**Q** 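Once you've had a glance at the structure underneath, I'll fire off some questions.
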Amino acid sequence: ERAVEVPARVGVARLGRAMKLGQWHLNGESLKYSSAGVLVDGQHRLKACVDVNTPFQTLVVRGVDDASEVDTGDYRKASQVLAHSGEQYADHLATAARMLWFQRFQGGLLNMIHGGGSGQVDRKKGFKVSRRPLLSVTELLEVVKNEPGLRDSVVAAQKVRKVVSTPLVAIIHYLAQKNYADEANLFIYELSRGTGLLAGSPVYALRERLFGGYKARGEKLDKRMVYALTIKAWNAYASQVKVKNLRYSQGEEFPKILE
């Protein structure tokens, strides 16, 4: 059969992963063909099926000659699924869930920051994986389902949305709930306000790095630097350690979030 477009590589890889892991189920979506036998919807699913050599069950509809009314086949983002189900701050919740997954199962946030690159074949699993492991929508939704308190942390972190990464602070807040719950709430409060901070405050040092000389010179800190500085500030804050200057060098080991 002929196809009208070449499937997007990333979307196909995600679908293939779901099929290989048995997470793809009959969901009402169909493969659609025109009267001439041209595949007008379902390219991604079929390409994924071939790539991972795994069959899947689906409906087939023929005689669809008006492709303008067919779904483009774009991969539905987890944030879209969460928003459709009524979740608050769906974008931040999806990102926070992805961060939590990397933190717990993929060696930490640094692997998420520096992921990407060309896919490689995992011979044992039988499908392509990228240098940054692909987290399927199904897996991400499972994270949200199994970590219900993550929603509250995302809501709490909204206070710092104009200061630093909201999902990152949400993860810090969530991981702190067992041993540093009060400290995490105060950390967010002080970071959002930025006033009345005492000398040696890690929050003050962090705000100085985020809004100080770099911003005044029109420079921008990269994501790795921002994440590292934020985590170091939190670790010092929770440990009640005074900080005069907050630093992180590229050769330095990426900090782990104090839980």
Side-chain angles (χ1 to χ4, degrees), residues 79 88-104 106-115 147 149-259:
S79 59
Q88 193 177 18
Y89 306 115
D91 285 340
H92 290 162
L93 180 58
T95 303
R98 184 173 289 106
M99 284 182 168
L100 184 59
W101 186 76
F102 271 89
Q103 175 71 16
R104 289 186 167 167
Q106 297 298 328
L109 295 180
L110 186 60
N111 289 329
M112 177 176 172
I113 298 170
H114 290 292
E147 309 285 349
L150 187 59
R151 296 179 178 88
D152 295 332
S153 293
V154 168
V155 172
Q158 294 304 309
K159 295 183 180 71
V160 301
R161 63 185 181 277
K162 294 183 179 180
V163 180
V164 71
S165 167
T166 302
L168 173 61
V169 174
I171 290 300
I172 291 173
H173 182 271
Y174 181 69
L175 295 176
Q177 290 309 295
K178 184 176 180 179
N179 297 311
Y180 301 99
D182 291 340
E183 290 85 348
N185 289 330
L186 286 172
F187 179 75
I188 289 177
Y189 176 78
E190 293 183 9
L191 186 57
S192 66
R193 301 263 303 186
T195 58
L197 299 175
L198 301 176
S201 165
V203 174
Y204 177 80
L206 176 60
R207 288 184 63 93
E208 279 295 293
R209 289 302 307 272
L210 296 176
F211 298 106
Y214 284 92
K215 192 170 185 179
R217 294 193 297 270
E219 299 176 9
K220 187 176 181 180
L221 297 174
D222 64 29
K223 182 179 290 188
R224 173 173 175 162
M225 181 68 73
V226 172
Y227 279 32
L229 292 174
T230 303
I231 294 171
K232 291 185 78 170
W234 157 248
N235 291 349
Y237 188 89
S239 303
Q240 299 183 1
V241 174
K242 291 186 177 182
V243 175
K244 185 176 182 180
N245 296 306
L246 199 60
R247 295 189 177 90
Y248 173 74
S249 61
Q250 294 294 345
E252 183 179 344
E253 182 179 358
F254 194 79
K256 297 179 180 180
I257 298 173
L258 182 63
E259 301 182 32

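As the structure is a prediction and not an experimental result, all values here were calculated from the model.
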**Q** Would you compute the distance between atom CG of Asp182 and atom CD of Gln177 and round it to the nearest 0.5 angstrom?
**A**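 CD of Gln177 is found 9.0 Å from CG of Asp182.
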**Q** Do Gln103 and Leu175 have side chains that get closer than 4.5 Å, going by heavy atoms?
**A**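 With C-beta onward as the side chain, the pair touches.
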**Q** With side-chain contact (heavy atoms from CB on, under 4.5 Å) as the test, would you mind laying out the steps for Arg98 and Met112 before giving the verdict?
**A** CA-CA 9 Å; Arg98 184 173 289 106; Met112 177 176 172; 3.8 Å; yes
**Q** Drop me the distance from His173's NE2 to Leu150's CG, to the nearest 0.5 angstrom.
**A**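 If we round to the nearest 0.5 Å, His173:NE2 and Leu150:CG are 11.0 Å apart.
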**Q** So does Tyr189 get a backbone contact from the side chain of Ser192, meaning a donor-acceptor N/O pair under 3.5 Å?
**A**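 Between the backbone of Tyr189 and the side chain of Ser192 there is a qualifying donor-acceptor contact (under 3.5 Å).
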**Q** Any chance you could measure Ile171, atom CD1, to Ser165, atom OG, to the nearest 0.5 Å?
**A**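 Between Ile171 CD1 and Ser165 OG, I get 9.5 Å after rounding to 0.5 Å.
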**Q** Can you see which heavy atom on Ala176 is nearest to which on Ala184, and at what distance?
**A**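 Shortest heavy-atom contact: CB-CB, 3.8 Å.
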**Q** Ignoring hydrogens and angles, tell me if any N or O in the side chain of Arg209 forms a donor-acceptor pair with the backbone of Leu246 under 3.5 Å.
**A**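 Answer holds: yes.
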**Q** Quick one: closest heavy-atom pair of Pro202 and Val241, and the distance?
**A**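 For Pro202 versus Val241, the nearest heavy atoms are CG-O, 3.4 Å.
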**Q** Taking all non-hydrogen atoms of both residues, which atom of Met99 and which atom of Leu109 are closest, and how far apart?
**A**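 That closest heavy-atom pairing would be O-CD2, 3.4 Å.
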**Q** To the nearest 0.5 Å, how far apart are CG in Asn245 and CD in Glu208?
**A**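 If I round to the nearest 0.5 Å, the distance is 9.5 Å.
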**Q** What is the distance from atom CD of Glu183 to atom CD1 of Ile172, rounded to the nearest 0.5 Å?
**A**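 The distance works out to 13.5 Å.
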**Q** Are the side chain of Gln158 and the backbone of Val154 linked by a donor-acceptor contact shorter than 3.5 Å?
**A**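 It does hold such a pair.
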**Q** Count the heavy atoms belonging to other residues, nucleotides or ligands that lie under 6.0 Å from OH of Tyr180, then report whether that count exceeds 12.
**A**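 Atom OH in Tyr180 is crowded, with more than 12 foreign heavy atoms closer than 6.0 Å.
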**Q** Determine the minimum heavy-atom distance between Leu229 and Arg247, stating which atoms define it.
**A**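 Minimum heavy-atom separation between Leu229 and Arg247: CD2-C, 3.9 Å.
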**Q** Would a distance-only check, ignoring hydrogens and angles, find a side-chain to backbone donor-acceptor pair under 3.5 Å from Asn235 to Leu258?
**A**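 Pair found, side chain donor or acceptor close to backbone of Leu258.
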**Q** Looking at Lys162 and Phe211, what are the two nearest heavy atoms and their distance?
**A**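 What the structure gives for the nearest pair is O-CZ, 3.9 Å.
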**Q** Start with the C-alpha gap between Phe254 and Arg224, add the side-chain angles, then the distance that decides, and say whether side-chain contact (heavy atoms from CB on, under 4.5 Å) holds.
**A** CA-CA 9 Å; Phe254 194 79; Arg224 173 173 175 162; 4.1 Å; yes
**Q** Taking all non-hydrogen atoms of both residues, which atom of Thr166 and which atom of His92 are closest, and how far apart?
**A**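 Smallest heavy-atom distance, with atoms named: CG2-ND1, 3.6 Å.
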**Q** Which pairs count as salt bridge (charged side-chain N to carboxylate O under 4.0 Å, His left out) when at least one residue sits in residues 230-244, sequence neighbours excluded?
**A**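 The answer is Lys232-Glu252.
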**Q** Going by ring-ring contact (aromatic ring centres under 6.0 Å, His included), name the residues that satisfy it together with Phe187, two or more places apart in sequence or in a different chain.
**A**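 Per chain and number, Phe187 pairs via ring-ring contact (aromatic ring centres under 6.0 Å, His included) with Trp234, Tyr237.
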**Q** Name the one of Leu168, Leu221, Leu206, Ile231 that satisfies side-chain contact (heavy atoms from CB on, under 4.5 Å) with Val226?
**A**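 Going through Leu168, Leu221, Leu206, Ile231 one by one, the side-chain contact (heavy atoms from CB on, under 4.5 Å) with Val226 is satisfied by Leu221 alone.
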**Q** Can you list the steps and then say if Val203 with Arg193 is a side-chain contact (heavy atoms from CB on, under 4.5 Å)?
**A** CA-CA 10 Å; Val203 174; Arg193 301 263 303 186; over 6 Å; no
